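Working notes, beginning with the structure itself.
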Amino acid sequence: MTQIGSEVRGSLVLAVANQKGGVGKSTTAVNLAATLGEAGRKVLVVDLDPQGNATSGFGLNRNQRERCVYSALLEGVPAEELIESVGIEHVFAIPATIQLAGAEIELVSAMSRENRLKSVLEPVVGDFDFVIIDCPPSLGLLTINAFTAADGLLIPIQCEYYALEGLSKLLDTVRLVRSHLNPRLEVFGVVMTMHDSRTRLSQQVVGEVRDFLGDKVFSTVIPRTVRLSEAPSFGQPVTLYEPGGKGAAAYRELAKEVLARA
């Protein structure tokens, strides 16, 4: 349960964020949602990235939609009108389209610009056990909106050189948002992605991140696998594309840890 002032609710809003691109944000958002759905939890994924990788990762066509999360943020369309089933039991999404690319600029002059997403989600968030927001690879206004709406931050970090590069800036942004916009925001957890057990480098990076962030780092490490990389191009989470594979098993373990922390 999440305590917000005097309000107690059963839902948890997680923003999946890292301003570095290619670290597995959308892969984590899609597959964590799928595995939480397998566990019987009702999940909403909000695709806040103009690239729309979470949208296409669920097999939703970004080019055949007149409305998306942009419509809620800047045109006043209620969130409940934008929620779609993704063909996985208990899992739903608010998709992104190319419209979202202009949102950063349009939000600059908008009233309550940092709180738009929070206001959009408030009427529906209680209908879900988890709301997972897939953030763009930047610290712009879309990401600030996600941080303002979220209870916690889930940070994917890839097991490669410069893994910690930019992390201090991300954590500084979290502190600023907590001070001025959302006092309940905290780092919910850090997940190591693209781990290659054959290399010493991957092991070293995991050790460095654990030294730096301590028990915020999940025990589960997501491996680098061909199937995990292929799954999005088939519009499926890896739990459907290769349900018995290492990638699916890793995300199921991550879901267990998320449930334990939640």
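Not measured: the values here are computed from a predicted model. Note: hydrogens, waters and symmetry copies are ignored here, and every other heavy atom, side chains too, is used.
Between the side chains of Tyr251 and Thr220, no donor-acceptor pair is found at a separation under 3.5 Å.
The cluster map of Ile, Leu, Val, Met, Phe, Trp and Tyr, joined by side-chain heavy atoms under 4.5 Å apart, puts Ile133 and Ile144 in different clusters. One hydrophobic cluster holds both Ile83 and Leu74 under the rule that ILVMFWY side chains link at heavy-atom gaps under 4.5 Å. Under a hydrophobic clustering in which Ile, Leu, Val, Met, Phe, Trp and Tyr are joined whenever their side-chain heavy atoms come within less than 4.5 Å, directly or via other members, Leu153 and Val46 fall into different clusters. Both Leu73 and Val108 sit in one connected hydrophobic cluster of ILVMFWY residues. Membership requires side-chain heavy atoms under 4.5 Å apart, directly or through other members. Grouping the Ile, Leu, Val, Met, Phe, Trp and Tyr side chains by contacts below 4.5 angstrom, directly or via other members, places Tyr161 with Val206.
A distance of 11.5 Å separates CG of Asp129 from CG of Leu44, quoted to the nearest 0.5 Å. Atoms CZ and CG, on Phe188 and Asp151 in that order, are 9.5 Å from each other to the nearest 0.5 Å. For the atom pair OG1 of Thr239 and CG of Leu32, the computed distance is 10.5 Å after rounding to the nearest 0.5 Å. Annotation: the span from Ser219 atom OG to Glu253 atom CD amounts to 10.0 Å, rounded to 0.5 Å. Note that SG of Cys135 is 11.0 Å distant from CD of Gln19, once rounded to the nearest 0.5 Å. Distance check, rounded to the nearest 0.5 Å: CD1 of Ile222 to OG1 of Thr28 gives 6.0 Å.
Within a 6.0 Å radius of CD in Glu89, other residues, nucleotides and ligands contribute 12 heavy atoms or fewer. Environment of CD in Glu66: sparse, with no more than 12 heavy atoms of neighbouring residues, nucleotides or ligands closer than 6.0 Å.
Inter-residue side-chain proximity for His90 and Glu38 is flagged as unmet; no heavy-atom pair is nearer than 4.5 Å. In this structure, Met192 and Ser202 have side chains that are not in contact, with every pair of non-hydrogen atoms separated by 4.5 Å or more. For the pair Leu154/Phe218, a side-chain contact is recorded, criterion being any heavy-atom separation below 4.5 Å from C-beta on. Side-chain contact between Pro232 and Val30 is absent, with no heavy atoms from C-beta onward closer than 4.5 Å. Looking at heavy atoms from C-beta onward, Val16 lies in side-chain contact with Pro156 at the 4.5 angstrom threshold. Between Phe234 and Leu240 the shortest side-chain heavy-atom distance does not fall below 4.5 Å. Contact annotation: the side chain of Pro95 never approaches that of Asp47 to less than 4.5 Å [non-hydrogen atoms, C-beta and beyond].
In this structure, the side chain of Asp49 does not engage the main chain of Ala54 through any donor-acceptor pair within 3.5 Å. Of the possible donor and acceptor atoms, one in the side chain of Glu104 sits under 3.5 Å from a partner among the backbone N and O of Leu141. With hydrogens and angles ignored, the 3.5 Å screen pairs a side-chain donor or acceptor of Arg41 with a backbone N or O of Ala39. Judged by distance alone, the side chain of Thr55 and the main-chain N or O of Arg62 form no donor-acceptor pair under 3.5 Å. In terms of modelled atom types and a separation under 3.5 Å, the side chain of Asn145 and the main chain of Arg113 share a donor-acceptor contact. Arg178 contributes a side-chain N or O that, together with a main-chain N or O of Leu185, makes up a donor-acceptor pair within less than 3.5 Å. Using a distance-only test at 3.5 Å, with no hydrogens or angles considered, a donor-acceptor pair links the side chain of Thr193 to the main chain of Val23. For Lys246 (side chain) and Pro223 (main-chain N/O), no donor-acceptor pair under 3.5 Å exists by modelled atom type. In this structure, the side chain of Asn182 engages the main chain of Thr148 through a donor-acceptor pair within 3.5 Å.
Ion pair Arg116/Glu106 not flagged as a salt bridge, since none of the NZ, NE, NH1 or NH2 atoms sits closer than 4.0 Å to an Asp/Glu carboxylate oxygen. Under a 4.0 Å N-O distance rule, the pair Glu160/Lys20 does not qualify as a salt bridge. Using a 4.0 Å cut-off between a side-chain N of Lys or Arg and a carboxylate O of Asp or Glu, Arg67 and Glu81 qualify as a salt bridge.
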Check: residues 170-177 side-chain donor-acceptor pairs under 3.5 Å, at least two apart:
from: Asp172; atom 1: OD1; to: Arg175; atom 2: NH2; distance (Å): 2.4
from: Thr173; atom 1: OG1; to: Lys169; atom 2: O; distance (Å): 3.0

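The two residues Ala163 and Val205 have their closest heavy-atom pair at CB-CG1, 3.6 Å. Annotation for Glu80 and Pro123: closest pair OE1-CB, 4.4 Å, computed over non-hydrogen atoms. The shortest heavy-atom contact between Ala103 and Tyr70 is CB-CD1, 4.1 Å.
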side-chain contact (heavy atoms from CB on, under 4.5 Å) evaluation trace for Arg65 with Leu60: CA-CA 9 Å; Arg65 279 169 174 73; Leu60 302 176; 3.7 Å; yes

Derivation of the side-chain contact (heavy atoms from CB on, under 4.5 Å) call for Phe92 and Lys42: CA-CA 8 Å; Phe92 301 82; Lys42 191 176 180 185; 3.8 Å; yes

Chi angles and distances behind the side-chain contact (heavy atoms from CB on, under 4.5 Å) call for Leu167, Val209: CA-CA 10 Å; Leu167 189 61; Val209 174; 5.9 Å; no

side-chain contact (heavy atoms from CB on, under 4.5 Å) between Leu100 and Leu142, intermediate numbers included: CA-CA 9 Å; Leu100 195 57; Leu142 286 173; 4.2 Å; yes

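Sorted by first and then second residue, the side-chain hydrogen bond (donor to acceptor under 3.5 Å, both in side chains) pairs with a member in residues 130-143 read Ser26-Asp134; sequence neighbours excluded.
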